[in-house]
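Below is one structure, written out as structure tokens, with a few remarks after it.
Lettering follows sequence order; numbering is per chain, from 1.
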Amino acid sequence: MYLRHLQVGQFRSWETCDLALTAGPTVFVGRNGQGKTNLVEAVGYLATLSSHRVSSDAPLVRHGAPQAVVRAAVRRDDRELLVEVEINPGRANRVRVNRSPLPRPREVLGLVKTVLFAPEDLALVRGDPTERRRFLDDLLVSRTPRMAGVRSDYERVLKQRNALLKTARLARGNALATLDVWDTHLTELGAQLLEARLRLVTALAPHVSAAYAEVAGPGADAVGLGYTSTVPLAGDGSPLAPGAPVPGTAELTAALRARVEERRRDEVDRGVTLVGPHRDDLVLHLGPAPAKGYASHGESWSFALALKLACLALFRDEGENPVLVLDDVFAELDQGRRTALARLAVSAEQTLITAAVAEDVPAALQGARVRVADGTATLLTP
Amino acid sequence: MYEGAVQDLIDELGRLPGVGPKSAQRIAFHLLAADAADVGRLTAALQRVQAEVRFCVTCYNVAEGEQCRICRDPRRSLDVLCVVEEPKDVVAIERTREFKGRYHVLGGAISPIEGIGPDDLRVKELMTRLMDGTVTELIIATDPNLEGEATAAYLARLIAPMGVAVSRLASGLPVGGDLEYADEVTLGRAFEGRRRITA
């Protein structure tokens, strides 16, 4: 799929921007602070209804404007779709597809698929486990929409259960009488989430290894993915072998259940839920050591990039061809890695790249060029 | 801000569920412009609710007098009991005209976040009703959300040893609708609870 036309209004620094795009690579060039990233952020918003830079929608709307609009003409197979999102901070967004409004905005998810790589993704390697869990869960939801329900139910159960444990500390007779009920919800939903994550990690692992080897070039350490859980798993945290068997939901429910009972005292003492996928982590292995703490700056970049490129490969396996967005990536990579990334990126149907210096982008990706300056974006014909 | 009485009215209206500041203002000015007779009827209705409406001593549904209309009705069967969260759920089920048993209104659902546990609901009263063995079947009709499910599971566990048959309302597709309009979660549930068609 590719974006044929992108239009934004009152989005971030942009009052308006109206831009025709083509398949293949497009490089957005301009000095810092001209709004290059804002344009690709808008593309990402169409795909996920969230920004990769901020968690609330308010900063997305130009200062002083009531709402922002992002509109794109998307070519999918041989059809063209017009997708429009009106961003209303504090109120429900409005989404229209081919000029007819969607009753539920989240139905737009999946129409535009993107894989976005930005400097913020360095946190996947260096940041807290939260970042990696979110990465896994977002990918899960975009592959199986049903998981959105499981994920939000799980979060709700967790809140309820934590509230119960907190009040139980202030002991009021049989405050824990309903804990058993929440345990059932927690373990059943937790097991579904856990199983889906484990399946995803096993499917993702070979793609990550391949992408890292390609980006980092010959002689680089081999990478692997592992998963640590609050329940005992076979080979906990160590790199998963391709095609390793994943325990079923029933087995995981029982394992969670047993662990919950084991840690009951601690949970009551501390007033929080200590068992479940909300405390798990995706472990990134670089050679013999974990990437976190051991990887150099360049290696961390390459690893984060490999994770995103693996998502792209995973979508491709399923017959999807997402738009690849590379935000400010090339300046951070050495010459060899730039060329390697270019080789991988040209295979995407459309690649949108932002760069402050055009020369940082390898020749293979020098397709169409958009000059971004003084609040306008102009397409320069190659 | 408006002067004295008007602002007081807006503030009071704004505290009602589902009424925001804008709606409160609109209702307040509507009342200001309305006939004295209309306003009089509204105040009378409010006062009557305060003075006359009680909760039924048996099922805790709203009632005028000791018992509600359903508990007073001798035609309603005594052996089936339907447990709901709120009196408005009784009205919803009554509209079906399918259910001929009686009700028990819990007054909410278990939700630790809001500080609601079983002791804050009319669970003890339900157990007392089940004691004498007249009720042989219990239908749990709490809301199909996490809190409702938790309440249902809690009750089921509590009641199972008493030898009462406990069932839960089915969840799935709305009747008369199109499959394409169902959201993923509902459709997923419907798949889980599918039934074999006997030819």
What are the two closest heavy atoms between [X] and [Y], and how far apart are they?
X: B:Ala150; Y: A:His185; value: N-NE2, 3.5 Å
X: A:Arg104; Y: B:Ala182; value: NH2-C, 4.3 Å
X: B:Leu146; Y: A:Asp153; value: CD1-O, 3.3 Å
X: B:Ile113; Y: A:Arg156; value: CD1-NH1, 4.2 Å

Check your understanding: Is there any side chain to side chain donor-acceptor pair (under 3.5 Å) pair reaching into residues 28-39 of chain B, and which pairs are they, with sequence neighbours excluded?
Key -> B:Asp38-B:Arg41
Check your understanding: Mind checking whether A:Thr178 and B:Pro118 have side chains closer than 4.5 Å, heavy atoms only?
Key -> yes
Point to revise | Heavy-atom check, side chain of B:Pro112 versus side chain of A:Arg161, under 4.5 Å | key: no
Exercise for review: Under the salt bridge (Lys or Arg N to Asp or Glu O under 4.0 Å) rule, collect the residues that match up with A:Arg91, sequence neighbours excluded.
Suggested key: none
Evaluate whether atom [atom1] of [X] has more than 12 neighbouring non-hydrogen atoms of other residues, nucleotides or ligands under 6.0 angstrom away.
X: B:Glu3; atom1: CD; value: no
X: B:Glu66; atom1: CD; value: no
X: B:Arg48; atom1: CZ; value: no
X: A:Arg316; atom1: CZ; value: yes
X: B:Phe29; atom1: CZ; value: yes

Point to revise | Partner chain B: residue of A:Thr184, A:Leu189, A:Val181 with the largest heavy-atom pair count (under 4.5 Å) | key: A:Val181
**Study point:** Under 4.5 Å from any heavy atom of chain B - which part of A:Asp180
**Key:** both
Exercise for review: Find the distance between CH2 (A:Trp182) and CD (B:Glu149) and round it off to the nearest 0.5 Å.
Suggested key: 10.0 Å
